Amino acid sequence: MTSDLFSLKDKVAIVTGASKGIGESIARGFARAGAKVVVSSRKQDAVDAVAKQIVADGGTALGFAAHMGEPDQIQRLVDATVMQYGGVDILVNNAAINPTFGYVIDADLGVFNKMLDVNVKGYLMAIQKCAPSMRQRGGGSVINLASTAGLSPAMGLGLYSITKAAVVMMTRVLAKELGPDKIRVNAIAPGVIKTKFSTMLWATPEIYERTVGEAALRRIGMPDELIGTALYLASDASSFTTGAVLVVDGGVN
């Protein structure tokens, strides 16, 4: 049946940055589709709260705190997943930071390095740590959260745009490298989604009005509206899809 294509029954998924926003929505969606979900973010109490709610809703979840800019913490996250559930089938790289707003020409390189550590190196390290388990299990799916800011310059978000452009190329490179292992690597490039992370964009009237005016749907998105795209990329429904960057922005681009 068609519905079976989107099933994640018996799959194990790690979702980073999953204590709120897009990551939390994807984690909940995967659990509803049958996956055992490891909910990860920096604070243990926050991930425990999401995992507890998933379990209360009938799903299977484990909360595990990890900073995605710290290699040893990424390794512990993957090790804990393998120990708890036997392996990793799906990795959603969603954790990201954007502590600055302004022109790139004036950027603090120390801040930029911190962004690279989480937004780019953290994604790569997580893939490197999960790949061996995926190979052992006959394949897997990596979903990187990029951004429309990584496809075209976003004024004031230049450093963030650069890191997300790197995520796009990382996705395409690793899709080629890991394809022979039946590990698919794809990316989602959201537009403006109403989360705490993007508050400045949707709470600033002039930015909000410009965004809504440019969108075919004349609105911004909600976190749950990324679930379908993520579920497609995580499941057998996308078995011939790799190296893709799926734009979900309400028709701005």
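For the numbers below, each heavy atom of this structure counts, side chains included, while hydrogens, waters and symmetry mates do not. Treat the numbers as computed from the prediction; the structure is a model and nothing was measured. Sequence positions, counted from 1, serve as the residue numbers for this chain.
Between Leu91 atom CG and Ile183 atom CD1 the span is 10.5 Å, to the nearest 0.5 Å. Atoms CE and CD, from Met170 and Glu177 in turn, are 11.0 Å apart once rounded to the nearest 0.5 Å. If you take OG on Ser141 and NZ on Lys11, they are separated by 9.5 Å, rounding to the nearest 0.5 Å. For the atom pair OG (Ser235) and CZ (Phe30), the distance works out to 8.5 Å, reported to the nearest 0.5 Å. Separation of atoms CD1 (Ile188) and OG1 (Thr148) is listed at 13.0 Å; rounding is to 0.5 Å. A distance of 10.5 Å separates CG of Leu233 from CD1 of Ile90, quoted to the nearest 0.5 Å.
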CA sep, side-chain torsions, deciding dist, call: Tyr232, Thr241, side-chain contact (heavy atoms from CB on, under 4.5 Å): CA-CA 10 Å; Tyr232 165 70; Thr241 303; 2.8 Å; yes

Test log, rule side-chain contact (heavy atoms from CB on, under 4.5 Å), inputs Ile143 and Asn93: CA-CA 6 Å; Ile143 303 170; Asn93 272 320; over 6 Å; no

Working for side-chain contact (heavy atoms from CB on, under 4.5 Å), residues Ile22 and Thr195: CA-CA 7 Å; Ile22 292 171; Thr195 65; 4.2 Å; yes

Pair Glu225-Arg219, salt bridge (charged side-chain N to carboxylate O under 4.0 Å, His left out): steps then yes or no: CA-CA 12 Å; Glu225 293 182 293; Arg219 64 179 179 85; 2.7 Å; yes

Trace of the salt bridge (charged side-chain N to carboxylate O under 4.0 Å, His left out) decision for Glu24 with Arg28: CA-CA 6 Å; Glu24 179 182 357; Arg28 291 177 185 274; 2.7 Å; yes

Trace of the side-chain contact (heavy atoms from CB on, under 4.5 Å) decision for Lys196 with Lys20: CA-CA 8 Å; Lys196 183 178 180 180; Lys20 56 184 179 295; 4.2 Å; yes

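Listed for the Asn144 side chain is no donor-acceptor partner under 3.5 Å among the backbone atoms of Ala146. Between the side chain of Gln84 and the backbone N or O of Leu62, no donor-acceptor pair lies under 3.5 Å. Ser41 places no side-chain N or O within 3.5 Å of a backbone atom of Lys43 that could act as its donor or acceptor partner. With Ser161 contributing its side chain and Ala149 its backbone, the two residues share a donor-acceptor pair below 3.5 Å. Looking at Asn119, its side chain never comes within 3.5 Å of a backbone N or O of Ala96 through a donor-acceptor pair. Counting only distance, with no hydrogens or angles, the side chain of Asp108 and the backbone of Val111 share a donor-acceptor pair below 3.5 Å.
Hydrophobic clustering (side-chain heavy atoms under 4.5 Å, transitive across Ile, Leu, Val, Met, Phe, Trp, Tyr) keeps Val37 apart from Ile227. Cluster membership check: Val252 does not share its hydrophobic cluster with Val245, using side-chain heavy-atom separations under 4.5 Å among Ile, Leu, Val, Met, Phe, Trp and Tyr. Under the 4.5 Å side-chain heavy-atom criterion for Ile, Leu, Val, Met, Phe, Trp and Tyr, Val82 and Val47 are members of the same hydrophobic cluster. Hydrophobic clustering, with ILVMFWY side chains joined whenever heavy atoms are under 4.5 angstrom apart, groups Val247 together with Val168. In the hydrophobic cluster analysis, where Ile, Leu, Val, Met, Phe, Trp and Tyr join through side-chain heavy atoms closer than 4.5 angstrom, Leu124 is grouped together with Leu116.
By the 4.5 Å heavy-atom criterion applied to side chains, Ile97 and Tyr160 are not counted as neighbours. The side-chain heavy atoms of Pro99 and Lys114, taken from C-beta on, include no pair separated by under 4.5 Å. Between Thr100 and Phe112, the closest side-chain pair of non-hydrogen atoms is not below 4.5 Å. Residues Met68 and Tyr123 fail the side-chain proximity criterion, which asks for heavy atoms closer than 4.5 Å. Proximity of Arg184 to Leu178: side-chain heavy atoms (C-beta onward) are nowhere separated by under 4.5 Å. Residues Leu174 and Ile127 have side chains in contact (heavy-atom distance under 4.5 Å, counting atoms from C-beta outward). Using a 4.5 Å cut-off on side-chain heavy atoms (C-beta onward), Val104 and Asp106 make no contact. Looking at Ile14 and Val88, their side chains come closer than 4.5 Å, going by heavy atoms from C-beta outward.
The heavy-atom pair separating Pro223 from Ser25 by the smallest distance is CB-OG, 3.2 Å. Between Ile54 and Ala61 the shortest heavy-atom distance is CG2-CB, 3.7 Å. Scanning all heavy atoms of the two residues, the minimum distance from Val118 to Ala95 falls at CG1-O, 4.0 Å. Scanning both residues, Asp89 and Met134, for their nearest heavy atoms gives O-CE, 3.6 Å. Contact between Ala189 and Leu151 at its shortest, heavy atoms only, is CB-CD1, 4.0 Å. Here the shortest heavy-atom pairing between Thr242 and Ala175 reads OG1-CB, 3.5 Å.
No option in Arg137, Lys176, Arg135 other than Arg135 meets the salt bridge (charged side-chain N to carboxylate O under 4.0 Å, His left out) test with Asp181.
For the residue pair Asn94 / Thr16, no side-chain donor-acceptor distance below 3.5 Å is found, with atom types taken as modelled.
Residue Lys164 qualifies as enclosed at atom NZ: its count of foreign heavy atoms under 6.0 Å is above 12.
Salt bridge annotation for Lys52-Asp48: absent, with no cationic side-chain nitrogen under 4.0 angstrom from a carboxylate oxygen.
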